[in-house]
Asker: 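Quick one: the structure is below, and I'll ask about it shortly.
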Amino acid sequence: MLKRRSSSQWIILAALICLIISVPSSAAPKKRAAPKTPPLNLPPLKTQEQKMQLLGYIRQTMPTRRIAQRINFSSADLDQALEQELGPAAQTLAQTIDDETFIRRVSLDLTGQLPAPEKIEDFIKDQSRGKRSDLIDELLESPAYGRKWARYWTSVIFYESEANRRRVDPQALEDWLAEQFNKGAPWDYITVMLISATPERNKAVRNDYGQDFGPNNFVLACENKSTELASQTARIFMGISIKCAECHDHPFDNWKREQFHELAAFFHPYTYKMPDQTDPKIQTVVQPRFLLGEKPHEKMKADARRVSIAAYLAYNPKNYWFARAYVNRIWSELIGDGFYDVDSLGPDSEVIHKPVVNRIAANFRYKDFDPKWVFRLIMNSKVYQREMRTSNSAAELFTAVRPSRLRPDVIANSVENLIGEDQSIRKEIMQAFDMNPSLPQDALEGSIQQALLLMNNQELQTRLSQSELKQQLIKISSDTELVDSLYLNVLARHATPSERERNLSYLRDSEKREEAVDDLLWVLLNSTEFRTKR
């Protein structure tokens, strides 16, 4: 608990930052001498608790909190808005999926795990009207939800990182993110914690850079470099690719080189200098300025500057990119295509159905950046619950869900669901199926290495043949029940009539029933369906 005197100083700082946010520098009156910057005598913001307390105060002043009390945006509203945007393409909407497909899809999307056979059977038998919505709520409250999405965001942060692996701890970041998602932490708090982290080196311990504390790892993944922090903050939390503006004006978007270095100046501990474009030895002092024009107090120390940029990022009502970037990523993961290409939300980027993403993003802000609200909105909609098919044109996007490759951790979970935990095989799967989480689904391709791993890995075949599932299957006397159990356990669905007949025929014609079960397990493990979302 802070002392009263300290708290009053914090209020001053909060008010100062709010003032800076609400009054652009361009609003200064003309023909008047520029006022002198008042002295800044404020308490240091050394701990995350202090930073979050300050940002919590700023958050309470958000004008959107008042607006939110009068606005509601439901999944039905989303469907109606999207169908209006689709126009003639709305005549080609895909059919709604059945319960069996829904429970598999929603389980993989929210938890990264296949539903158990008993769970599938119970869900199909359930006749209640709200069972799909209830299942979404149930999965959002499961620990696996936080873990699944913590892995995704850890991959987003570390996939292109060139940081020394001995000086970062992705697992610590994943664990911290999982805890935040599971306890329902808002996205703005999570973002602010990451951006305002200030890891310090412990010189008494080799390679100790504070990586044990999860949030520090965003900064450490950027090697604590001002330029890298600027480009990654813009990319991950605003969806804006501004990295090339470090060397020259952006060739496609309206970002200037000076803007990039003004953003980088926020993260620099001392005076920031921009190197000359032709002669790097010549450097120019650059003052921090956010992309929308906000400037921190000139005397603000490094720790407070990082808090201020986090505030500009999350709480400036004009910064619609922050909410839109999160919504676009989650939509892209669930539907298979984004409104924008992920990381390409710049002012000159192509966007489809902009009014729809704008409404979702605005309501995400009104809902205090609650990540679970976004999942509920999309997953309870018709657009999420449609059958899958590929789209040949932009006009057809969102008339169906795009077939999607499962991420490596999800495939590893599905394999362990069959053979039990195995760290060695899990590591091989994570490496073979590794993919850039920021690439769209239609840019992802399978590899020969992936196919060979599932087809030929001796350890995997041995574990599958000796698995508890295999032992359970061969104890089933009825071939029909065996095939049904096989499909439910491996693909989380019942076999179709033609599949059932084909499998029964194979069992009947096989001399050794146990070896036939091995073969059927192998076939389903190597099916495309096993490693994709349907």
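Values reported hereafter were calculated over all heavy atoms of this structure, with side chains retained and with hydrogens, waters and symmetry mates removed.
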Asker: Taking the cut-offs as 6.0 angstrom to the six-membered ring centre and 45 degrees off its axis, would you call Arg165 and Phe158 a cation-pi pair?
Answerer: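 No, Arg165 does not lie over the aromatic ring of Phe158.
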Asker: So among Val156, Leu194, Val342, Ile195, which one has a side chain to side chain contact (heavy atoms under 4.5 Å, CB included) with Ile236?
Answerer: Val156
Asker: Considering only distance and modelled atom types, tabulate donor-acceptor pairs under 3.5 Å from the side chains of residues 281-288, sequence neighbours left out.
Answerer:
none

Asker: Do the non-hydrogen side-chain atoms of Lys301 and Asp303 ever get within less than 4.5 Å of each other?
Answerer: no
Asker: Do the non-hydrogen side-chain atoms of Trp331 and Ile378 ever get within less than 4.5 Å of each other?
Answerer: yes
Asker: I'd like to check Glu85 versus Pro355 (side-chain heavy atoms, cut-off strictly below 4.5 Å). Are they in contact?
Answerer: yes
Asker: Side chains of Asp343 and Arg329: does their closest heavy-atom pair fall under 4.5 Å?
Answerer: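 Contact flag for Asp343/Arg329 side chains = yes.
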Asker: Relative to the ring of Phe398, is the ring of His353 parallel (under 30°), tilted (30 to 60°) or perpendicular (over 60°)?
Answerer: tilted
Asker: Quick check: closest heavy atoms across Gln259 and Leu291, and the distance to 0.1 Å?
Answerer: NE2-O, 3.9 Å
Asker: Could you check Asp109 against Tyr384 for side chain to side chain donor-acceptor pair (under 3.5 Å), going step by step and ending with a plain yes or no?
Answerer: CA-CA 11 Å; Asp109 278 337; Tyr384 174 76; 2.7 Å; yes
Asker: Is the closest basic N to carboxylate O distance between Arg147 and Glu174 below 4.0 Å?
Answerer: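 Judged by the 4.0 Å cut-off on N to carboxylate O distance, Arg147 and Glu174 do form a salt bridge.
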Asker: Testing Tyr326, Phe237, Phe322 one by one against Phe369 for a ring pair (Phe, Tyr, Trp, His ring centres under 6.0 Å), which residue passes?
Answerer: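 That would be Phe322.
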Asker: When you compare the side chain of Pro296 with that of Tyr312, does any pair of heavy atoms fall below 4.5 Å?
Answerer: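 A side-chain contact under 4.5 Å exists here.
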Asker: Can you check ring pair (Phe, Tyr, Trp, His ring centres under 6.0 Å) on Trp153 and Trp187, steps first, answer last?
Answerer: CA-CA 12 Å; Trp153 285 105; Trp187 181 240; 4.6 Å; yes
Asker: Below 4.0 angstrom, N of the basic side chain to O of the carboxylate: do Glu258 and Lys256 qualify?
Answerer: no
Asker: Is any side-chain N of the basic residue among Glu333 and Arg407 closer than 4.0 Å to the acidic one's carboxylate O?
Answerer: yes
Asker: Would you call Arg376 and Asp137 a salt bridge, using N to O less than 4.0 angstrom?
Answerer: yes
Asker: Does any part of the side chain of Gln441, heavy atoms only, come nearer than 4.5 Å to the side chain of Arg405, both counted from C-beta?
Answerer: yes
Asker: For Phe375, give me all partners under ring-ring contact (aromatic ring centres under 6.0 Å, His included), at least two apart in sequence or on another chain.
Answerer: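 So Phe375 forms a ring-ring contact (aromatic ring centres under 6.0 Å, His included) with Tyr145, Trp149.
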Asker: Before accepting this row, confirm whether a basic side-chain N of the pair Arg426/Glu416 lies closer than 4.0 Å to the acidic partner's carboxylate O.
Answerer: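 Yes.
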